[in-house]
Amino acid sequence: MQYFDQKKQIKNLNRRSFFLLLTKLSLFSAISYRLFDIQITNSSKYKTLSKNNQINVEILYPVRGIIKDRKGNIIASNLKVFDLYIIPEQTKNLNKALNDLSNFIDLDFKTKRQIINLSKTVKKFEKIKVLENLDWKTLEMLETNKNYLEGISLVEDFQRIYPQNESFSHLLGYVNKPSKKDLNLPYISNMPLLNIGKQGLEKTFNELLVGQPGNREVEVNSSGRIIREISKKLSTKGKELNLSIDSKIQKYLTSIIVEHKAGSIVLLDIETGEILSMVSTPNFNSNLIIQKPNVDYWNSLLNNSLSPLTNRSIQGLYAPGSTFKMIVAIAALKDGLIDKNDKVFCEGKIEFGDRFFHCWKTKGHGNMDIVSAIQESCDVFFYNLSIKVGIDRIAEVAKDFGLGQTYNVELLNQKEGIIPNKKWKKNTYKESWYGGETLNAAIGQGYVLTSPLQLAIMTARIASGGKKIDPSILKISKKTSFNNMNKYAESLKIINEAMFKVVNESKGTAINSKASNFNFSGKTGTSQVKKITMAERESDNFRKKEIEWKNRDHALFVGYMPSEKPRYSLSVVIEHGGSGASTAAPIARDVFQFIKDTI
């Protein structure tokens, strides 16, 4: 009986072992089949799934560097703003959520429809922008009612802002999203949503101002949903830019030129070459270009016949008029073709070839020497002088004094202008130079074209006694030295004497703009834009008649102060302003007065 029970137990044990073995074999087979399926049969599928559950790198965009004036005042900075997004996945009904949101913000049917359509093309957990740059009242209202609004998300951002509005528009320009061409630049190639400078100094110094991006490494699943953050490297803010411009002066110059339809004022520090102010009118508001929507404002600029986007200080080209007479005088004095005592009689016109060349003073100035000819701006004197000097010598001196060229200064789209000579005309028009064209050039007309910046540089070089001053738009921290044009030293003493008399002595064309408590020197210019007929010249009152704005002469003045030890030079150009003496010279006086009282 005992033997039988033992045999029965062994039989039961063998049966259990068999079933256990069978179970193990089944499990092993299942696992083997699954491994075969994963690794062999559907290997490509699972490789794809594995890759989709991967590490993504998100760009952390840097904050743009600020721009300051010479005294540390901020003229371009970044304002912290908030943008409103909605996340479809976090709403029970997106349409209802948008309707609820429209109770708090202006959300029209078209915008809601665009958001709903967009939600069908993006992943449900992705954010859709609803509104950017929320004002504080709207932000506070949304924050207060956030618990009652499904799916909304308020995201912090930074917007470029220009505290001085129009005063710095041409200098600073504005920022916007990069174009495809911009994305080829190495320092922004990986930041497609970054705002970059599109005009002005914002564009010139993009690489400095942009900063360095950071990044965030996140693990995402095959749907793109973030599972976890792995690492984070913060972005580096762009560097600071310090300009030579004085905000206080810039604001004042803008205020006194804005009443004129179009023109420019450029002010330089003669000792350093720093540009203390550069204004152009009409101007624009960079803030309104940046803010969205901006279509109406942008179109108003593009459709304005006066081209507000043009920086006339460096892009405007004008016949310099009588301000160019100093160049002709310097050329003659330097080569000994005339001295201080030589005189020419002006009877109001000169005959050359088969035509007459007229002086602005119809009845003439009488006997003129080189000082009085500059003081009273006698055209006939300079007609005669130019015949002796010749256009090639005049052009050589003009180049030495900064005309007809661009400068190594960080201002984009500078225009070179035209300082003509015989070779230039041959290359440009395939024609020979005519003697009468020299007479026209002698009074700053004909082919001669200059920019306001060039005229300010010319004046600074004359005032300094021949230092080859170059401009700078950046603040200079160390003492500046310039090469001396010693060959002009003696000539410039005579020119500076004449420029003093223009403003401070009787018969000077700018005597009515003489300052009461300080001395400044200068030269008026009137640039003719409409041909004057013989009948008009013979009329006693043709200059007093009311002329349509677009046909009036341009008014110019170049000058420096103080006369005794020059520190500041400027150029004033008022398009269709009429006479340089009556329009441009008083502006120059007011600018110098402001500087004297301010600095």
Side-chain angles (χ1 to χ4, degrees), residues 266-273 320-342 368-378 381-382 385 389 394 397-398 400-403 442 444 450 454-469 482-511 513-515 518-525 556-572 580-581 584-585 588-589 591-592 595-596:
V266 179
L267 179 72
L268 294 176
D269 185 322
I270 295 174
E271 290 186 2
T272 63
S322 293
T323 64
F324 194 71
K325 289 174 180 174
M326 295 177 293
I327 296 297
V328 181
I330 294 168
L333 289 166
K334 176 242 180 188
D335 288 342
L337 301 175
I338 195 173
D339 63 32
K340 190 176 178 181
N341 299 315
D342 288 338
M368 291 276 106
D369 59 30
I370 197 162
V371 172
S372 61
I374 292 174
Q375 179 185 351
E376 299 183 44
S377 201
C378 176
F381 183 93
F382 285 95
L385 196 57
V389 180
I394 293 171
V397 173
D400 279 347
F401 282 82
L403 304 180
T450 58
Q454 290 172 1
L455 292 174
I457 294 294
M458 175 193 77
T459 308
R461 292 183 180 184
I462 290 172
S464 67
K467 290 182 180 178
K468 206 161 189 176
I469 294 162
F482 301 106
N483 294 330
N484 286 305
M485 298 186 290
N486 294 319
K487 60 184 177 181
Y488 296 116
E490 293 303 313
S491 304
L492 291 175
K493 290 178 182 178
I494 298 171
I495 300 301
N496 284 308
E497 177 188 344
M499 291 178 72
F500 178 85
K501 291 187 175 185
V502 167
V503 179
N504 299 286
E505 293 190 8
S506 62
K507 295 187 178 181
T509 53
I511 185 62
S513 296
K514 179 180 179 181
F518 68 96
N519 290 327
F520 72 97
S521 301
K523 180 72 188 79
T524 57
L556 297 92
F557 184 87
V558 297
Y560 58 87
M561 68 86 73
S563 297
E564 300 78 15
K565 192 177 180 182
R567 177 68 189 273
Y568 307 101
S569 73
L570 64 62
S571 69
V572 179
R589 177 199 58 214
V591 171
F592 285 142
I595 292 170
K596 186 178 184 301

Count the heavy atoms belonging to other residues, nucleotides or ligands that lie under 6.0 Å from NZ of Lys467, then report whether that count exceeds 12.
no
Could you point out which residue of Lys596, Arg589, Arg567 forms a side chain to side chain contact (heavy atoms under 4.5 Å, CB included) with Met561?
Lys596
Pairwise distance CD1(Ile457) to NZ(Lys468) - rounded to 0.5 angstrom
12.0 Å
Within the side chain of Asp269, is there an N or O that forms a donor-acceptor pair under 3.5 Å with the backbone of Glu271?
yes
Do Phe401 and Leu492 have side chains that approach each other closer than 4.5 Å (heavy atoms only, starting at C-beta)?
yes
Thr509 and Ser377: side-chain donor and acceptor closer than 3.5 Å?
no
Looking at every non-hydrogen atom in both residues, tell me the closest pair between Phe381 and Cys378 and how far apart they are.
N-SG, 3.5 Å
What I want to find out is whether Arg461 reaches Asp400 closely enough, with some N-O distance under 4.0 Å, to be called a salt bridge.
no
What heavy-atom pair brings Ile511 and Ser506 nearest, and what distance separates the two atoms?
CD1-N, 4.2 Å
For Val558 and Ser571, which heavy atoms make the closest approach, and how far apart are they?
CG1-CB, 4.1 Å
Considering residues at least two apart in sequence or located in another chain, which fulfil the side-chain hydrogen bond (donor to acceptor under 3.5 Å, both in side chains) criterion with Ser569?
none
Partner residues of Glu490 under the side-chain hydrogen bond (donor to acceptor under 3.5 Å, both in side chains) criterion, sequence neighbours left out:
Lys493
Taking side chain as C-beta onward, heavy atoms only, is Thr524 less than 4.5 Å from Leu556?
no
Evaluate the criterion side-chain contact (heavy atoms from CB on, under 4.5 Å) for residue pair Met326 and Thr459; output intermediate values, then yes/no.
CA-CA 10 Å; Met326 295 177 293; Thr459 308; 5.5 Å; no
Sub-3.5 Å donor-acceptor pair from the side chain of Lys514 to the main-chain atoms of Glu505, do we have one?
no
Does some side-chain heavy atom of Ile370 sit less than 4.5 Å from a side-chain heavy atom of Ile338?
yes
Thr272 versus Phe482, closest heavy-atom pair with distance
O-CZ, 3.4 Å
Less than 4.5 Å apart, any side-chain heavy atom of Phe518 and any of Phe592?
yes
Who are the side-chain hydrogen bond (donor to acceptor under 3.5 Å, both in side chains) partners of Ser372, not counting sequence neighbours?
Asp369
Does the side chain of Leu403 come within less than 4.5 Å of Leu455's, by heavy atoms?
yes
Ignoring hydrogens, what is the shortest heavy-atom contact between Val502 and Gly522? Give both atom names and the distance.
CB-O, 3.2 Å
Any donor-acceptor N/O pair, Asn486 side chain to Ala489 backbone, under 3.5 Å
no
Working note: Ile495 + Leu333, criterion side-chain contact (heavy atoms from CB on, under 4.5 Å); need CA distance, chi angles, decisive distance, verdict.
CA-CA 10 Å; Ile495 300 301; Leu333 289 166; 4.1 Å; yes
Is there a salt bridge (Lys or Arg N to Asp or Glu O under 4.0 Å) between Glu376 and Lys501 once you walk through the steps?
CA-CA 9 Å; Glu376 299 183 44; Lys501 291 187 175 185; over 6 Å; no
Closest heavy-atom pair, Phe382 versus Ala442, reported as atoms and distance to 0.1 Å, is O-CB, 3.5 Å
Gap between atom CZ of Phe500 and atom OG of Ser521 - 0.5 Å precision:
6.0 Å
Should Ile462 and Tyr488 count as side-chain neighbours, where that means a heavy-atom distance under 4.5 Å?
no
Using only atom types and a distance under 3.5 Å, with no angle test, would you say the side chain of Asp342 pairs donor to acceptor with the backbone of Asp339?
yes
Indicate yes or no: at least one non-hydrogen side-chain atom of Asn519 is less than 4.5 angstrom from one of Glu564.
yes
How about Leu570 and Val591: do any of their side-chain heavy atoms sit closer than 4.5 Å?
yes
Nearest 0.5 Å, what's the OG-OH distance between Ser464 and Tyr560?
10.0 Å
